[in-house]
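Before any comments, here is the structure.
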Amino acid sequence: MSWIPPLLVAIPLLSAAVTAGLDHVTPEPVQDALVVAASVATTAFAFVLLWHAENHEVVHWFGGWQPHRGIALGIDFAVGPLAAGMCAVIGLVVTLALLYSLTFLREAARLFDALMLVALGAMCGFAMSGDLFNLFVWLELMAVAAYALTGFQVERLGPVQGAVNFAITNSLGGYLFAVGIALLYARTGALNLAQIGRTLSHGPAGGLVIVAMTLLLCGFLVKGAVVPFHLWAADAYAVAPAPVCAVLGGVMTDIGLIGVARLYWTVFAVPFGHGHAVGDVLLWLGIVTAVLAGTMAFLQRHLKRMLAYSVVCHIGIMLAGVGLLDSSGLAGAELMFLAHALLTAGLFFVAGILHSDHGLIDELHLRGLGRGSWAPAMAWFAGTIGLVGTPYVGIYLGHGFIDDGATELGRSWVLPLLWLGSALAGAALLRAGARIFLGWGDAEDELLGKAIEEDPLERDVLRPLLVGVALAAVLIGVAISVAPGLGQGARYAADRFRDTGGYAARVLHDRAMAPSTSLPVSVSHTSLESLLYGGGFTLVALGLALMGLFSSRLPRALFVAAERTLAPPIRVLHALHSGVVGDYVTWVVVGTAVTGGVWALLLHG
Amino acid sequence: MSRRIRIAVLGPALLGLGALFAWAIAGLPAFGDYRGPYGYVLNRVVVPLRHTTNVVMGTTFDVRGVDTMGEEFILYAAVLGVMLLLRDETRSRQAERRTRRLPSDAVRLVGGLMVGGGVLVGLWLMAFGYITPGGGFQGGVLFAGGILLLYLVGSHRDYRPFRIVHALDPLESLGAGGYVIIGLAALASGTAFLTDLLGLGTAGTLRSGGSIPLLNWASAIAVSCAMLILFAEFLETYVVPLEPEDAGS
Amino acid sequence: MSYLPYAVAAWICLVGIVGVATSKNLIHLAVSLTVTQSSSYVLLLSVGYVRHGVAPIFVGTKLGTTAVDPVVQALTLTDVVVSVAVIGLILALALDAHRLSGTVDPDGLADISG
Amino acid sequence: MLAATLVPLQAVAFGLVALGAPLVVLTRDPLRQALVNGIYGVSLVSLFVVLQAPDPALSMLVVSGIGYPLVILAAVARVRGHDREEKGEDR
């Protein structure tokens with residue numbers, strides 16, 4: 001079955017070329033059908049691949065350049081259950097986004113479709129690739145497609161600014177990554193990840209490897225929008241069309257995390273796996289990201305900007321899961337990715353529906369306008385509850401697994417911080433939902449800053465299709481926590497993913513794997529602690545949402561005191577997210593230098 | 001942040017990054033001492049195994065051929081993106097009929113010679129890239145530059161012929177898509193993606209390297225068209241600032 | 001000479017970043033970004049250089065002659081294409097920005113923030 | 001013999017590149033910068049040549065000789081053209 005992996009890249013890329021190339025000669029319905037069919041076929045093959053990857057890595061050596069005595073010359077796609085699962089979710093989200101855009105974006109539809117398919121192929125290639133430079137190629141390919149898609153609405157300045165900030169920070173991240181590749185190549189003379197890892201097992205790691213790791217991982221963290229590399233994300237996601245946001249926020253941001261995990265467990269676990277320094281830095285970055293982005297989400301009134309910060313917040317939680325460096329944490333990150341991708345996509349779809357119904361995207365402007373839109377309201381609230389992590393809904397199972405991992409490592413203090421992050425982001429979304437769909441709350445809110453300029457768009461949409469797609473995304477996402485067998489499967493996938501030596505043996509020597517025992521197919525249970533945290537922080541989210549809605553009804557003294565203590569830090573937060581690309585670039589450099597410095601201190605000696 | 005604060009933050013950060021670079025450099029093999037296995041092996045096996053005398057091109061189109069497929073699509077996606085981003089501008093200006101002053105005969109003669117040179121060298125680079133230095137990308141850019149120059153020094157008064165380049169769109173897609181099709185053809189025949197299906201031929205001749213010439217031509221077509229479209233998108237509406245009184249001359 | 005080439009690459013990278021972070025013009029910024037990227041070519045090719053090595057093109061050179069690393073050259077080729085793609089997109093965005101706001105100063109472009 | 005002359009050549013090429021980069025960045029006027037960037041490109045080409053990398057050198061040559069200048073100059077021309085139109089309206 002080793003012929004499947006290249007198809008996940010070849011089908012979307014070829015379809016993109018056909019779509020764009022035959023723009024003027026093929027009737028529109030045929031084109032639409034082709035685009036959706038390509039995306040569905042890619043998704044279907046990803047599921048087949050998932051099934052085949054169960055018992056051994058599906059490895060494909062391009063051009064038939066098999067490794068010779070453990071020396072890899074060619075480029076390989078090595079697909080375990082985790083990578084295959086990623087591809088399946090990526091395919092699913094892109095398919096939903098393409099269906100959504102059938103009527104949502106008619107203008108320049110062919111260019112849009114082609115770029116979406118290119119992004120799909122690039123993301124799948126990235127998830128599967130086992131070659132360091134090949135990762136860079138897919139990273140740049142998806143980035144180039146995403147920059148253009150972000151600036152889609154060229155008639156307004158916001159999208160252009162968002163795309164500029166996105167393009168410049170991510171390109172810089174990519175170039176730092178390229179320097180990291182050159183350093184690692186100089187040290188090991190290899191580009192295959194398994195082989196680099198094996199070469200690094202000889203001799204001391206030294207400063208070069210630490211610096212190379214810093215540059216490579218920070219390159220991915222820019223893509224993954226982790227604090228302080230996250231500043232571009234809100235600008236870009238606030239302005240891209242809703243289906244693009246669904247893909248960027250739902251799956252493309254998470255790609256950075258797949259990259260971090262892949263590089264760590266194939267390469268850097270070899271020299272640094274005995275200690276916990278690498279993981280601790282990732283853990284801390286994750287915690288800070290979760291709490292800071294959760295707070296920022298709560299301070300937004302622009303729905304898509306709010307969702308963007310919610311994405312960043314969940315990225316933080318997932319990064320913390322990866323940073324625990326054990327199977328529970330990684331499995332938790334996987335499960336959270338599954339739920340978060342679909343729920344986030346669903347919420348962006350709902351935001352798009354509101355925008356096309358009312359021409360508004362501001363929470364306060366939309367107050368009460370969503371009354372009577374039952375289906376979008378249901379999708380919004382279900383998605384929101386799923387993103388808070390209410391027990392056995394949406395991201396809960398992932399949260400629970402990360403809790404287990406942290407507790408096993410004796411770091412239970414991590415738990416409340418991560419739950420706080422998702423509760424803050426969830427509270428913001430709940431508040432917005434209550435205001436829009438129920439008409440609750442005040443019409444003004446000092447906390448949320450000045451009104452945004454609205455951008456009404458004339459759209460002739462097929463509303464039932466949009467609503468159907470949004471509901472489908474949310475329903476699948478909500479069900480992730482109670483899908484039988486998924487938890488066990490994720491843990492098994494994480495075990496396989498973390499098996500550095502086994503991966504190298506299977507990729508470089510085609511070594512067979514011991515047949516796995518069949519996994520129980522039942523709903524995974526979580527610890528009592530997670531249950532309590534999940535329940536408790538759902539209440540916290542509800543309370544915060546209510547406080548946001550009715551802040552003016554708080555006792556006067558309390559209100560003044562709260563404002564006096566909270567206003568200055570909030571001003572600082574707003575000022576840091578300045579929208580100016582020079583600042584963002586500066587923070588990328590600061591983040592890289594500090595991360596590298598910390599690793600230098602912890603790992604050297 | 002104000003510019004002054006930004007620079008104050010950036011300075012120390014850059015020092016830190018520089019220190020990291022210095023630390024990494026201290027661990028590199030001294031200049032010229034590199035003996036990594038990957039390139040060493042390729043220098044010995046690519047010519048006998050693939051009959052391409054240019055090992056770099058053998059690496060680009062065969063050993064690491066899928067990187068190059070990604071690279072073609074990076075350029076392809078960028079061109080689609082530029083078309084997407086500049087569609088408003090193009091639309092608003094398309095309505096205006098624009099004319100320009102024709103270049104003098106001397107300019108046209110020199111330009112014409114350069115066009116011929118550019119196009120010929122471009123084609124030569126494309127054709128012999130896998131034997132001697134060159135290849136689809138370099139040839140493609142040069143070829144596109146030559147054609148563009150032909151337009152600039154040519155006797156077209158009207159800017160609208162530039163719209164013709166949009167006929168290049170299908171051709172560009174053919175180049176990029178062709179790369180994938182060649183890969184898929186190998187997959188369909190039961191071997192790995194992008195495996196050579198043709199014979200290897202004699203090293204040093206045009207019929208060498210199996211699929212490499214095909215891939216090279218696919219990328220040459222894709223790059224030529226991509227660069228032409230890119231230039232056209234940027235130049236279409238603004239080649240030389242036009243003074244109103246020149247319009248009729 | 002033994003570590004100077006790498007230092008040059010690092011220097012170019014830092015200089016380019018300064019240009020990107022302090023630029024007042026998106027066109028200037030895009031060019032500075034390509035300068036940053038050129039550091040990766042310089043580093044790659046310096047790393048792959050082998051003393052007394054010939055170019056890895058075996059026309060009139062006997063197979064087995066010491067040659068420089070061909071892999072870094074293949075990577076550089078890809079990198080150059082990436083830089084063309086990125087500069088094209090950023091300049092297109094710069095034109096859009098100028099059409100809409102009349103400025104190409106990234107600092108003056110902050111339409112949304114917070 | 002060849003090797004003996006190569007080392008100083010390489011040193012010169014590296015020096016030119018190291019000098020060229022800050023010149024490109026410090027040239028704030030885009031039109032002039034396009035020119036300086038072209039010269040920097042040539043210095044990179046010469047460096048690639050002395051590093052025995054003819055393929056990247058050719059690639060860099062066509063990119064910095066044709067690719068970059070055309071798109072940069074077109075962008076500069078358009079921006080200036082817009083500005084001129086606007087100034088014209090003000091008058």
Side-chain angles (χ1 to χ4, degrees), chain B residues 3 6-7 10 14 17-18 21-22 24-26 28-36 38-40 42-44 46-48 53-60 63-64 67-68 70-72 74-75 77-79 81-82 84-86 88-89 131-133 135 137 141 203-204 223 227 230 233-234, chain C residues 1-7 9-11 13-15 17-18 21-22 24 39 43 46-53 55-61 63-82 84-89 91-93 95-96 98-100 107:
Chain B
R3 292 181 67 83
R6 189 193 305 165
I7 291 167
L10 184 67
L14 279 177
L17 191 61
F21 281 153
I25 286 169
L28 285 171
F31 181 67
D33 284 354
Y34 177 76
R35 292 293 179 273
Y38 195 172
Y40 182 87
L42 286 188
N43 270 336
R44 272 153 192 74
V46 167
V47 181
T53 45
N54 183 344
V55 178
V56 177
M57 282 300 132
T59 309
T60 309
V63 185
R64 300 188 64 82
D67 271 354
T68 310
E71 173 199 308
E72 294 313 322
I74 289 174
L75 199 57
V79 169
V82 169
L84 191 71
L85 294 173
L86 294 182
D88 249 30
E89 187 124 357
I131 304 169
T132 55
F137 177 74
V141 180
V223 173
M227 294 312 285
L230 197 65
E233 282 290 335
F234 275 94
Chain C
M1 190 64 189
S2 58
Y3 290 93
L4 195 73
Y6 311 134
W11 164 246
C13 182
L14 298 178
V15 164
I17 292 175
V18 171
T22 63
K24 286 177 182 160
S39 77
L43 185 60
S46 309
V47 157
Y49 181 73
V50 175
R51 200 173 295 121
H52 309 311
I57 296 167
F58 297 93
V59 180
T61 317
L63 202 62
T65 318
T66 306
V68 302
D69 191 297
V71 178
V72 291
Q73 301 195 8
L75 306 189
T76 306
L77 289 178
T78 303
D79 225 1
V80 171
V81 178
V82 171
V84 175
V86 170
I87 198 174
L89 276 175
L91 288 179
L93 286 166
L95 288 182
D96 276 335
H98 188 265
R99 177 169 50 86
L100 294 165
D107 293 13

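Model, not experiment: these values are computed from the prediction. In what follows, every chain begins at residue 1, and chains take the letters A, B, ... in the order their sequences are listed.
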(request) With the side chain counted from C-beta on, respond yes when Tyr38(B) and Val63(B) share a heavy-atom pair under 4.5 Å apart, and no when they do not. (result)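 Yes. Closest side-chain heavy atoms under 4.5 Å.
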(message) I'd like to know if the side chain of Thr53(B) reaches the main chain of Val59(C), judged simply by a donor and an acceptor atom lying under 3.5 Å from each other, with no hydrogens or angles considered.
(response)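 Pair absent, no side-chain N/O of Thr53(B) close to backbone of Val59(C).
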(request) Report yes or no: does Asn43(B) contribute a side-chain atom to a donor-acceptor pair with the main-chain N or O of Asp69(C) at less than 3.5 Å? (result)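 Checking the backbone N and O of Asp69(C) against the side chain of Asn43(B), no donor-acceptor pair under 3.5 Å is found.
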For [X], which atoms come within 4.5 Å of any heavy atom of chain C: side chain, backbone, both, or neither?
X: Arg3(B); answer: side chain
X: Leu14(B); answer: both
X: Ile7(B); answer: side chain
X: Phe21(B); answer: side chain

(message) Taking every non-hydrogen pair under 4.5 Å, which of Leu89(C), Val18(C), Thr65(C), Ile17(C) racks up the most with chain B?
(response)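 Winner by heavy-atom pair count: Leu89(C).
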(message) Let's test your reading of the structure: which of Val86(C), Val84(C), Thr66(C), Val47(C) forms the most heavy-atom pairs below 4.5 Å with chain B?
(response)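 Ranked by heavy-atom pairs under 4.5 Å with chain B, first place is Val47(C).
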(message) For Leu91(C), which atoms come within 4.5 Å of any heavy atom of chain B: side chain, backbone, both, or neither?
(response)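 Both the backbone and the side chain of Leu91(C) come within 4.5 Å of chain B.
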(request) Report the option among Thr59(B), Leu17(B), Ile25(B) that has the most heavy-atom pairs separated by less than 4.5 Å from atoms of chain C. (result)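 The option with the most such pairs is Ile25(B).
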(request) Applying side-chain contact (heavy atoms from CB on, under 4.5 Å), name anything that partners Ala26(B), two or more places apart in sequence or on another chain. (result)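 In terms of side-chain contact (heavy atoms from CB on, under 4.5 Å), with neighbours along the sequence ignored, Ala26(B) is linked to no residue.
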(request) Apply side-chain contact (heavy atoms from CB on, under 4.5 Å) to Arg51(C) and list each qualifying residue two or more places apart in sequence or on a separate chain. (result)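 Asp33(B).
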(request) Hey, can you tell me if Tyr49(C) and Phe31(B) have their rings parallel, tilted or perpendicular (30° and 60° cut-offs)? (result)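 The rings of Tyr49(C) and Phe31(B) lie parallel, inter-plane angle below 30°.
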